[in-house]
Amino acid sequence: MFIKTNHQLAYLSKIMNYYKITKPIYSTLLLCALSTHLSFSQNKTQSLKSAYQEDFLIGTALGTEHILERNEKANVLIKREFNAITPENIMKSQLIHPAPNRYNFDLADKYVEYGQKNDMYVVGHTLVWHSQLPTFVGKIKSADSVRIFMTEHINTVAGRYAGKINSWDVVNEALNEDGTLRKSVFLNKLGEGYIKEAFELAAKADPNAALYYNDYNIEQPAKRKGAIELIKKLQASGTKIDGVGIQGHWSIKTLNLKDIEDSIIEFSQLGIKVAFTELDLTVLPNPWDLRGADVNQRFAESPEMNPYKDALPDSVQTALANRYTDIFKLFLKHRDKISRVTFWGVNDSHSWLNGFPIRNRTNYPLLFDRALEPKKAYQAVLNLKTAK
Ligand code: XIL
């Protein structure tokens with residue numbers, strides 16, 4: 001007998017009452033029913049978020065289709081597996097603040113509502129970034145006007161969601177690969193102090209949100225050194241910074257666990273939390289690995305750069321699962337330093353890596369496949385916590 005819901009349980013007891021089933025038989029039947037009910041709900045709680053609930057949050061990036069709950073299967077999966085969300089694009093300034101005095105809050109409001117309704121940790125991504133900026137910002141000539149844009153933007157966006165966003169990626173990707181500060185409209189017009197200004201504005205607009213610096217490749221030594229310097233400067237000037245986000249756009253071929261471990265340790269020694277904010281693992285060849293290769297459209301049509309167009313061979317599926325196992329073992333080892341691990345997308349068809357750095361490829365970087373079914377890598381990550 002399969003009793004799956006409380007409703008069915010209540011129904012069973014009504015039937016028993018109706019047929020005047022005696023108390024001892026009733027109790028035995030009720031016990032049986034209860035135990036199937038319990039074991040079913042235990043199975044139901046087998047999910048990433050429940051398996052890792054004592055360790056760190058498990059998040060995903062949501063696209064518009066997820067926020068609007070357009071695909072029921074994805075919707076069920078997101079609510080079952082994840083307890084943290086990041087908006088993949090809709091809070092970036094280009095989308096939320098497209099013209100000087102115009103803001104599009106519609107999707108961002110829905111995103112925040114979705115998170116609250118489902119009791120999720122809600123991340124804001126991102127307040128200050130050189131990329132996906134509205135075109136008008138690039139045209140600003142004076143430092144004062146850039147400052148006005150940045151100030152109004154942070155006050156308005158972080159202010160609107162104050163108390164509802166758990167953590168903000170305040171500044172995104174401010175560093176070059178060698179650890180120096182990246183040239184951007186912010187650095188060029190405001191000087192390096194713009195980072196401190198941005199954090200201070202965010203802290204004022206939403207005093208309760210955890211404030212993060214977020215970047216890619218900051219697990220690599222030179223860039224990591226730059227990030228540490230940046231964070232130390234903020235701290236030395238009394239600016240609030242709660243954590244660092246290591247994006248985690250990695251590859252199954254070049255993954256460097258030592259760099260990742262060193263980074264977790266060194267960043268947490270600064271007294272801040274470490275989050276992995278955009279985790280995905282490409283299984284495809286990277287154009288930058290080919291000596292002398294330009295990143296351009298030529299590769300889009302090249303079968304060599306898109307080797308798994310129709311399916312992922314078992315050997316690569318296994319390699320992906322093994323790499324995810326290695327990463328999560330390391331994360332578990334340092335669970336006391338890690339606040340959150342967020343995947344950059346819900347499933348393989350949603351991943352930005354199908355279009356970056358080469359368009360129109362078929363990539364397999366996440367834990368759920370194109371049919372929204374768990375992959376071997378999902379089982380591997382789950383097994384680390386649930387296998388006896
Ligand atoms: C990516 C999105 O996934 C794409 O849909 C978009 O076209 C470009 O941006 N670092 C970040 C993320 O901080 O915001 C980026 O997201 C991926 C790299």
Side-chain angles (χ1 to χ4, degrees), residues 59-68 70-71 74 78 82 84-98 104 107-108 111 122-135 137-138 153 157 165 167-177 181-182 184 186 195 198 202 210-220 223 226-227 230 243-251 274-282 284 286-288 295 297 300 340-368:
T60 186
L62 299 186
T64 303
E65 69 275 26
H66 306 120
I67 296 165
L68 298 179
R70 281 193 183 137
N71 175 336
I78 293 164
F82 302 106
I85 49 173
T86 304
E88 185 181 8
N89 286 301
I90 52 110
M91 275 188 166
K92 292 171 180 172
S93 57
Q94 190 179 60
L95 286 114
I96 206 168
H97 189 178
N104 280 334
L107 280 169
Y111 162 77
V122 182
V123 178
H125 176 78
T126 169
L127 292 169
V128 179
W129 189 25
H130 66 278
S131 197
Q132 290 181 273
L133 266 179
T135 39
V137 180
H153 181 77
V157 178
I165 292 275
S167 115
W168 269 109
D169 292 339
V170 179
V171 175
N172 199 31
E173 302 180 355
L175 292 164
N176 294 313
E177 297 310 285
L181 287 178
R182 180 198 290 271
S184 69
F186 303 105
I195 298 174
L211 305 184
Y212 276 66
Y213 173 72
N214 193 52
D215 210 333
Y216 61 90
N217 288 351
I218 48 171
E219 70 282 358
Q220 293 178 17
K223 201 165 180 179
L230 182 155
V244 62
I246 299 175
Q247 290 184 4
H249 296 296
W250 295 323
S251 151
V274 179
F276 290 87
T277 52
E278 306 183 12
L279 182 59
D280 51 23
L281 285 182
T282 183
L284 298 182
N286 186 334
W288 295 304
V295 183
Q297 275 304 100
R340 168 171 60 93
V341 176
T342 288
F343 293 89
W344 203 240
V346 175
N347 68 325
D348 286 342
S349 57
H350 166 215
S351 169
W352 75 307
L353 293 176
N354 295 303
F356 180 87
I358 296 170
R359 270 184 232 165
N360 296 319
R361 294 200 294 180
T362 308
N363 212 333
Y364 303 80
L366 298 168
L367 301 191
F368 296 93

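Atoms within each ligand, like the ligands themselves, are counted from 1 in listed order. This one's a predicted model, so the numbers in the text were calculated from it and none came from an experiment.
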(request) Sorted by first residue and then second, give each salt bridge (Lys or Arg N to Asp or Glu O under 4.0 Å) pair with at least one member in residues 344-357; sequence neighbours left out. (result) Asp348-Lys375
(request) Taking the six-membered ring for Trp and the single ring otherwise, decide whether the centroids of Trp344 and His350 are under 6.0 Å apart. (result) no
(request) Not counting sequence neighbours, which residues clear ring pair (Phe, Tyr, Trp, His ring centres under 6.0 Å) with His97? List them please. (result) Tyr103, Phe136, Phe149, His153
(message) Under a 3.5 Å threshold, yes or no: a donor from one side chain and an acceptor from the other, between Glu177 and Asn217?
(response) yes
Report all N/O contacts between ligand 1 and the protein shorter than 3.5 Å as a table of atom names and distances to 0.1 Å; if there are none, say 'none'.
{"residue": "ligand 1", "atom": "3 (O)", "partner": "Glu88", "partner atom": "OE2", "Å": "2.5"}
{"residue": "ligand 1", "atom": "3 (O)", "partner": "Trp344", "partner atom": "NE1", "Å": "2.9"}
{"residue": "ligand 1", "atom": "5 (O)", "partner": "Glu88", "partner atom": "OE2", "Å": "3.2"}
{"residue": "ligand 1", "atom": "5 (O)", "partner": "Asn89", "partner atom": "ND2", "Å": "2.9"}
{"residue": "ligand 1", "atom": "9 (O)", "partner": "Lys92", "partner atom": "NZ", "Å": "3.1"}
{"residue": "ligand 1", "atom": "9 (O)", "partner": "Gln132", "partner atom": "OE1", "Å": "3.2"}
{"residue": "ligand 1", "atom": "10 (N)", "partner": "Glu173", "partner atom": "OE2", "Å": "3.0"}
{"residue": "ligand 1", "atom": "10 (N)", "partner": "Gln247", "partner atom": "OE1", "Å": "3.3"}
{"residue": "ligand 1", "atom": "10 (N)", "partner": "Glu278", "partner atom": "OE1", "Å": "3.0"}
{"residue": "ligand 1", "atom": "13 (O)", "partner": "His125", "partner atom": "NE2", "Å": "3.3"}
{"residue": "ligand 1", "atom": "13 (O)", "partner": "Asn172", "partner atom": "ND2", "Å": "2.9"}
{"residue": "ligand 1", "atom": "13 (O)", "partner": "Gln247", "partner atom": "NE2", "Å": "3.3"}
{"residue": "ligand 1", "atom": "13 (O)", "partner": "Glu278", "partner atom": "OE1", "Å": "3.4"}
{"residue": "ligand 1", "atom": "13 (O)", "partner": "Glu278", "partner atom": "OE2", "Å": "2.8"}
{"residue": "ligand 1", "atom": "14 (O)", "partner": "Lys92", "partner atom": "NZ", "Å": "2.7"}
{"residue": "ligand 1", "atom": "14 (O)", "partner": "His125", "partner atom": "NE2", "Å": "2.7"}
{"residue": "ligand 1", "atom": "16 (O)", "partner": "Lys92", "partner atom": "NZ", "Å": "3.2"}
{"residue": "ligand 1", "atom": "16 (O)", "partner": "Trp344", "partner atom": "NE1", "Å": "3.3"}

(message) Using the salt bridge (Lys or Arg N to Asp or Glu O under 4.0 Å) criterion, which residues pair with Asp169? Sequence neighbours excluded.
(response) none
(request) Consider only side-chain N and O atoms of Arg340 and Thr342, and report whether a donor and an acceptor are under 3.5 Å apart. (result) yes
